[in-house]
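This report concerns only the one structure given below.
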Amino acid sequence: MNKFLIQIGLFLLSIILIFIAVEMFLRIYPNTFNSKAKYFRQNKEVIEVLFLGSSHTQDGINPRYIEFKSSNLGYGGQDFEIDSALITHYIQEMPKLKKVVWEIDFISLYKKREEDYFRYPWYKIYYGIDFGKNTFINSISLYSTSPDFFNQYLRGILFEKNQVNKYGYNEAEDKGKFSRMNYDEISILKESLNKKNKIEENVINQNNIRRNLRLYESVKKLCIKKNVELVIINYPMYKTYIDQIEDTPMYNYWKSFLKKETELGIEIWDFEKNKNFQVTDFSNDSHLNKNGAKKLSNIINSYL
Amino acid sequence: MLFNSLSFAIFLPIVFVLYWILGKSRKSQNLLLLFASFYFYGCWDWRFLFLLAFSIFLDYFTGIQIEKSVSDLRRKMWLWISIGVNLGFLCFFKYYNFFAESFADLLATFGLYTDPWILKIILPVGISFYTFHGLSYVIDIYKKRISAERNLVDYSLFVSFFPLLVAGPIERATHLLPQIKSNRLFQYDQAVNGLRQILWGLFKKMVIADNCAHFVNIIFDGSDDYSGSTLLLGGALFAFQIYGDFSGYSDIAIGTAKLFGINLLKNFNYPYFSRDIAEFWRRWHISLSSWFRDYLYIPLGGSKGGNRMRIRNTFIIFIVSGFWHGANWTFIFWGFLNALFILPSIIFKTNRNNLNIVAENSYLPSFKEFFSMAITFLLSVIAWIFFRSDNLSQAFGIVGEIFSISLFTKPDLPGVGLMPPTIILIVFFVFVEWLGRKNHFAIEKIFSRNAIPRFLFYYLLLVLLFLYKGKEQTFIYFQF
């Protein structure tokens, strides 16, 4: 029995050591999230333009093509709470900040992450921002925040070369839906027509809107106080996506919000139906690929 | 509490350590295992603990009454009380709605429309398995093969031993009770073997079965839209899914029991290496098929009385076996189909042809053996299509499409990019099973002479478990 217990103990110890090695690898190996955070924290004192938002921002802006010192902190799944926490936490340490470009598209206003959103601990690890929603294990182990996600990520590393640039933008070849369909607009349209209903986000959640408007107003006030210009951006969308969302209650509410903010003097960069973007600039209906990001970043550079 | 869950990973070591601390007292060990088993079952649904307890008390009591009774009539009476009540509960929980709906459908064919009185019945997990445990016990007492167990704790443990409680193997009192009643000494080799078998079972379930399930669900949910080649691929993947799922569960159950010094019956013996359907049924879900052989086939006359009786009894066994699996005509037809497939070997008396291990003295099968295995596998896939389908109409539709010109088209799947790793894993899995086909389980003696490659292989399995575990699916046989 002693021999058995000792051998089991040693075997388990070796597994724990392997796990620790994997944990360290996951924290260090460059990916979009940690590269963004690293570049931002190293350069926050000279950053002039800060981009905030969700996956549309993550995919849509490549700071490589912006002459001004900029940082793109947009990431998939980010909502208003996370965006506002990022700017609120760091604005004191960004003396050169001139513009905050914040993605507010038709989903943003009513989106709210679930309490156990698996990425909350990542913000603690890489940005030092604690949302107070981490379990003990999540706060010490990155892998434990989402084993399924990291298993897929590790499988991807085995077979694909990472092409994240120093700003945290992934410059790998587009493997999105449109690329798999060879950017064939007829097939894309057919596939879109097969979708039975308009996009599900057509119900206005009042609690979420109230919360998000509060967060928006607090960020707006903070920017005014710090003499930073707040710009609202919405990203190019492919026509099939616009067809899905146009004239839904949420879309109309969002348009009225933008109109109101315009009247209050907030600059809006509305690229939603911008004709400069073709099908080959999109990875799917609502996200740009690296070509589209380059195009958009150049346009924004000219605006700046 | 699933075998592949964190809670079980915490539960098992605790029970294991306490069990061997109590090593000097068999009674204390049995009591601990009994409490652990009830806790394990209670985690599923504590309400059905009462049903389990009732089933245990019923068979314990009737077993003693059968033994005490002098006259044959009284013995038979107690036997039929046990059988009637046990099967009564099983039929109610499992088949009430099926019969109600089928009766309503039958009336509808005569133009009589009625609203079937359907009840919202939750199927108690494992009821088919522990019911059969109890039935084999009382029948063996009636047949005077064993004495009635007087110790309630020992008998309760026989029925409710947690590794086999929810999905078998279906144990026999003649095999398990003596182990429960004897002192168990910790044996290093047995315990290590148990851990090895658990690891292999987890790989089969979490990597093979759950990854296959992803594609099987896509194909069967949209079966109207797919070509014959895709549907055949789906059937083959389901064959691996159900094998990985069920034999994986059995491996974990048997391996877990070994940790407590208890040997359970082997339940699978590399069935997809069978050269004919008769051999397949000697290797698939052995505990159930041998149960039906001993308690239904033989009492019906078995192989005595000529071909007609053999054929009749064979069809009865397979149809009842199909019915045991669930309240759906697809399971019944699956059983019927298997009886049909085995019919030629019964008529021509070739059902005992392949008793040895395939390619016993060589590394590779001969062409004839390979061809036989391929045909047997194909027949099992056709039958599995019925097992997996929601209804007979879907099953016939799928089989019809397979046997059409679209069989010769390239398979077409969404998510096909994810397919190559699954195929590679299946090839790896079949390769390891082939290498280990002479052993109780595939990796029992892998690299047995050299510790370094052996441990590297264990690490490889663990890495594959973490990197390639599929999206969690319930064990298929929990629904039975």
Side-chain angles (χ1 to χ4, degrees), chain A residues 1-23 25-26 29 135-138 141-160 172-182 187-188 190-191 194-196 283-284, chain B residues 4 6 9 12-13 16-17 19-24 184-196 198-199 206-207 210-211 214 222 225 258-261 414-418 420-422 424-425 451-452 454-472:
Chain A
M1 174 66 120
N2 287 340
K3 180 183 171 191
F4 177 79
L5 290 174
I6 289 168
Q7 287 197 336
I8 292 296
L10 288 172
F11 187 72
L12 287 174
L13 184 63
S14 68
I15 293 177
I16 290 170
L17 289 172
I18 291 171
F19 181 78
I20 291 172
V22 168
E23 177 74 20
F25 173 81
L26 287 175
Y29 188 80
T135 62
F136 171 70
I137 294 197
N138 286 352
S141 163
L142 186 63
Y143 178 84
S144 72
T145 60
S146 181
D148 288 341
F149 176 87
F150 284 109
N151 288 340
Q152 196 174 359
Y153 173 66
L154 287 166
R155 290 200 302 266
I157 290 172
L158 285 174
F159 298 108
E160 284 174 20
E173 280 307 310
D174 181 15
K175 286 184 180 165
K177 184 173 85 171
F178 283 13
S179 162
R180 292 198 301 273
M181 296 170 88
N182 295 317
S187 304
I188 290 166
K190 253 189 204 163
E191 193 255 3
N194 282 339
K195 282 186 195 158
K196 294 196 174 84
S283 67
N284 59 38
Chain B
N4 54 326
L6 185 60
L12 182 61
F16 173 80
V17 167
Y19 179 84
W20 290 112
I21 286 174
L22 297 167
K24 290 202 170 106
R184 276 94 55 183
L185 293 173
F186 180 82
Q187 293 180 57
Y188 173 85
D189 288 338
Q190 187 183 31
V192 167
N193 222 18
L195 287 178
R196 232 178 252 139
I198 290 171
L199 176 61
M206 294 167 72
V207 176
D210 288 352
N211 276 303
H214 170 73
D225 301 329
K258 283 178 183 172
L259 291 174
F260 298 99
V416 73
L418 301 170
T422 304
I424 292 169
L425 288 166
I452 294 174
R454 189 165 70 247
F455 275 89
L456 284 175
F457 184 78
Y458 297 154
Y459 287 125
L460 172 65
L461 286 183
L462 285 169
V463 165
L464 290 175
L465 254 170
F466 275 99
L467 287 187
Y468 287 100
K469 74 177 174 73
K471 194 172 168 207
E472 191 175 295

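Since the model is a prediction, treat every value here as computed from it, not as a measurement. Protein chains get the first letters and strands the later ones, always in sequence-line order, with residue 1 at the start of each.
- In this structure, Leu259(B) and Tyr19(B) have side chains that are not in contact, with every pair of non-hydrogen atoms separated by 4.5 Å or more.
- Residue contact with chain A, scored on non-hydrogen atoms closer than 4.5 Å, involves the backbone and the side chain of Tyr468(B) alike.
- Across all their heavy atoms, Val207(B) and Asn211(B) have their closest contact at O-ND2, 2.7 Å.
- Leu12(B) places a side-chain heavy atom less than 4.5 Å from the side chain of Phe260(B).
- Contacts of Leu465(B) with chain A are absent, with no heavy-atom separation under 4.5 Å from either backbone or side chain.
- Taking non-hydrogen atoms and a 4.5 Å limit, the residue list of residues 4-14 of chain A in contact with chain B, ordered by number, reads Phe4(A), Leu5(A), Gln7(A), Ile8(A), Phe11(A), Ser14(A).
- Looking only at side-chain heavy atoms (C-beta outward), Ile188(A) and Lys177(A) stay at 4.5 Å or farther from each other.
- At a heavy-atom separation below 4.5 angstrom, chain A is approached by Tyr188(B), Ala191(B), Val192(B) within residues 187-194 of chain B.
- Proximity to chain A (any heavy atom under 4.5 Å) is shown, for Phe466(B), by both the backbone and the side chain.
- Residues Leu199(B) and Tyr458(B) approach most closely at CD2-CD2, 3.9 Å, considering heavy atoms.
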ask   = How far apart are the C-alpha atoms of Leu462(B) and Ile18(A), what are their side-chain angles, what is the distance that settles it, and do they pass the side-chain contact (heavy atoms from CB on, under 4.5 Å) test?
value = CA-CA 11 Å; Leu462(B) 285 169; Ile18(A) 291 171; over 6 Å; no
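- Note on ring orientation: taking the six-membered ring where Trp is involved, the planes of Phe150(A) and Tyr153(A) are perpendicular (angle over 60°, cut-offs 30° and 60°).
- Side-chain atoms of Asn151(A) and Tyr143(A) form a donor-acceptor pair, as typed in the model, at a separation below 3.5 Å.
- Ser141(A) approaches Glu23(A) most closely through the heavy-atom pair OG-OE1, 3.1 Å.
- Within the 4.5 Å cutoff, the side chain of Arg454(B) has heavy atoms near those of the Arg196(B) side chain.
- Neither side chain, Asn138(A) nor Thr145(A), offers a donor N or O lying under 3.5 Å from an acceptor on the other.
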